[in-house]
There are 2 protein chains.
Amino acid sequence: MANNVRLPLFASAAEAVPSPTAQTVTPSMREGSHVTEAVAPGQAQGAATARDDERDDAMMQVGDLAREAGKTVRAIHLYEELQLLRPAARSKGRYRLYGREALVRIRWIGKLQDMGFSLTDIQTIVRDWEESSSAPRTMVKMRELYAKKLEETQAHLRKMQMLEHDLRASLDYLDTCEVCDPARLLTACTSCDLHDCQSHVPDLIAGFRAN
Amino acid sequence: MANNVRLPLFASAAEAVPSPTAQTVTPSMREGSHVTEAVAPGQAQGAATARDDERDDAMMQVGDLAREAGKTVRAIHLYEELQLLRPAARSKGRYRLYGREALVRIRWIGKLQDMGFSLTDIQTIVRDWEESSSAPRTMVKMRELYAKKLEETQAHLRKMQMLEHDLRASLDYLDTCEVCDPARLLTACTSCDLHDCQSHVPDLIAGFRAN
DNA sequence: GGTAACCCTTACCCTAACGTAAGGGTTTGA
DNA sequence: TCAAACCCTTACGTTAGGGTAAGGGTTACC
């Protein structure tokens, strides 16, 4: 489970506000379609199949899911290819159909990615889960994973906080420059004495001319 | 300057503890070598050329610099190719030679990367700096850049803190699993009532079975 | 029954930041 | 004067997470 990789920072597209161009965003498919329910292997079978069509669990097709999850259809296809996500069913014409848990799943994937798990890492997690032969043992395993990730996350937070501090220091430093004569060149900066903490120029400033 | 890209999280190799296999880490090159000083264009020329060989500013070659900066030689070559870093001089045999400012520069690059700037972004920054015709105007420009990045960084921090929270919640939740009977299967979890906050299973847990 | 808006599968494309290898000089210490 | 340890340039390889396009069905609605 490869660590030491650059992590996501400004990526995940939150919730994706439904674009105003799609006024008639119908759930695309009426309830009465012929549908082949994909019974999850090894799961309780005849549980609750027919009696749950009260709310908004009308089965989405992939485009709807993508919109709601703030992902692209391609991404969802990819997750499926990697066995991270399975459509709950297929329509007569082989359209993928999803229930609301798919949203939970996709958000879960997104959060894991944001924490720095690669899709390959997530594949491993999913496989481990599916091959589980003992609930508590699997849970403890997952706990360890999360515990480790928590530490990494905290380390990352500390690092980012230092960067935040560096940025603030630089902004402070640069504030002074506004009173400088626009005719001056950068070469004059070395002998500038306008800045408060003369002694140590912030790293993010020093880097500019260290070449 | 492309925003919305996944940011580095656990990447940069800090300071790279000099590996114990390299006991004889000599600065590799005696002082008296024939060296062509690369006079930075447009910089003060006959400033301090001969009278600064007291300390440890003996000119490093690329391997030394790499070690001290915790980067690979390849990375340094790349930075040079992208015009982000220039060797202070070359030896007679065309070896790159660097002073200590190169370290400042590399660390600067690293911090910018960690904040989410791509090398291409940094290229732009460097170009802007080098083409500057007014110190304060350039400084203000850089300030704006940093100000924007500070906001992004803060947003990222908030996000990561939420993830940290999610992780903690999951760890709490999973604590309970240790008292479970190892013979139980995951399918039994749906009817488990051992967890404290029964009502909402944490996202990072719910995701496991939402498939 | 026609058509716009979706969806399906397959498959090649793309970028960033290096990694790695090849073929050949350079330095330095024994 | 020789070898180990560096370094140089050039250039192709790699990985992750999708993007995009092609060719061809499906659905829903009029």
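Sequence lines set the chain letters: A, B, ... in the order given, protein chains first and strands last, and positions in each chain run from 1.
- When distances run from any side-chain atom of R74(B) to the nucleotides dG18(D), dA17(C), dA11(D), the shortest one goes to dA11(D).
- The nearest whole Å value for the distance from the CD atom in E81(B) to the P atom in dA16(C) is 13 Å.
- Distances shown here put a side-chain N or O of R90(A) below 4.0 Å from the OP1 or OP2 atom of dT9(C).
- Salt-bridge annotation for R127(A) and E130(A): absent, with no side-chain N of the basic residue lying under 4.0 Å from a carboxylate O of the acidic one.
- Note: CE (M60(B)) to P (dC7(D)) measures 12 Å, nearest angstrom.
- Rounded to whole Å, the distance from CG on L65(A) to P on dC7(C) is 10 Å.
- Residue Q61(B) places at least one side-chain N or O closer than 4.0 Å to OP1 or OP2 of dC7(D).
- Atom CG of D64(B) and atom P of dC7(D) are 7 Å apart (whole Å).
- At the phosphate of dC7(D), neither OP1 nor OP2 sits under 4.0 Å from any side-chain N or O atom of R94(B).
- Per the geometry, CG belonging to D121(A) stands 13 Å off C1' belonging to dG17(D), to the nearest Å.
- Residue E80(A) is tested with R96(A), R74(A), R86(A) for a salt bridge (Lys or Arg N to Asp or Glu O under 4.0 Å); the sole match is R96(A).
- Considering only side-chain N and O atoms, Y79(B) lies under 4.0 angstrom from the phosphate OP1 or OP2 of dC18(C).
- Along DNA chain D, the nucleotide closest to R96(B) and the one closest to A75(A) are compared, and the more 5′ of them pairs with R96(B).
- Ion pair D64(B)/R67(B) flagged as a salt bridge, since at least one NZ, NE, NH1 or NH2 atom sits closer than 4.0 Å to an Asp/Glu carboxylate oxygen.
- Distance from the side chain of Q113(A) is smallest to dG18(D) among dG18(D), dT27(D), dG19(C).
- When rounded to the nearest whole Å, the span between CZ of F117(B) and C1' of dA17(C) equals 17 Å.
- One finds no side-chain N or O of S91(A) lying less than 4.0 angstrom from the OP1 or OP2 phosphate oxygen of dT26(D).
- Straight-line distance from the CZ atom of R67(B) to the P atom of dA5(D): 13 Å, rounded to whole Å.
- Counting only heavy atoms from C-beta on, L78(B) has its side chain closest to dC18(C) among dG18(D), dC18(C), dC7(D).
- Closest approach to the H77(A) side chain among dC6(D), dT27(D), dT9(C) is made by dT9(C) (side chain taken as heavy atoms from C-beta onward).
- In the set dG17(D), dC18(C), dT26(C), the nucleotide with an atom closest to the side chain of Y95(B) is dT26(C).
- One interatomic measurement links the two molecules: CG of L84(A) to C1' of dA16(D), which rounds to 13 Å at whole-angstrom precision.
- Not one side-chain nitrogen or oxygen of S118(B) sits closer than 4.0 Å to the OP1 or OP2 atom of dT15(C).
- Side-chain contact between I106(B) and L65(B): present, with at least one pair of heavy atoms (C-beta onward) separated by less than 4.5 Å.
- Electrostatic pairing of D128(B) and K141(B) counts as a salt bridge here, judged by a charged N lying under 4.0 Å from a carboxylate O.
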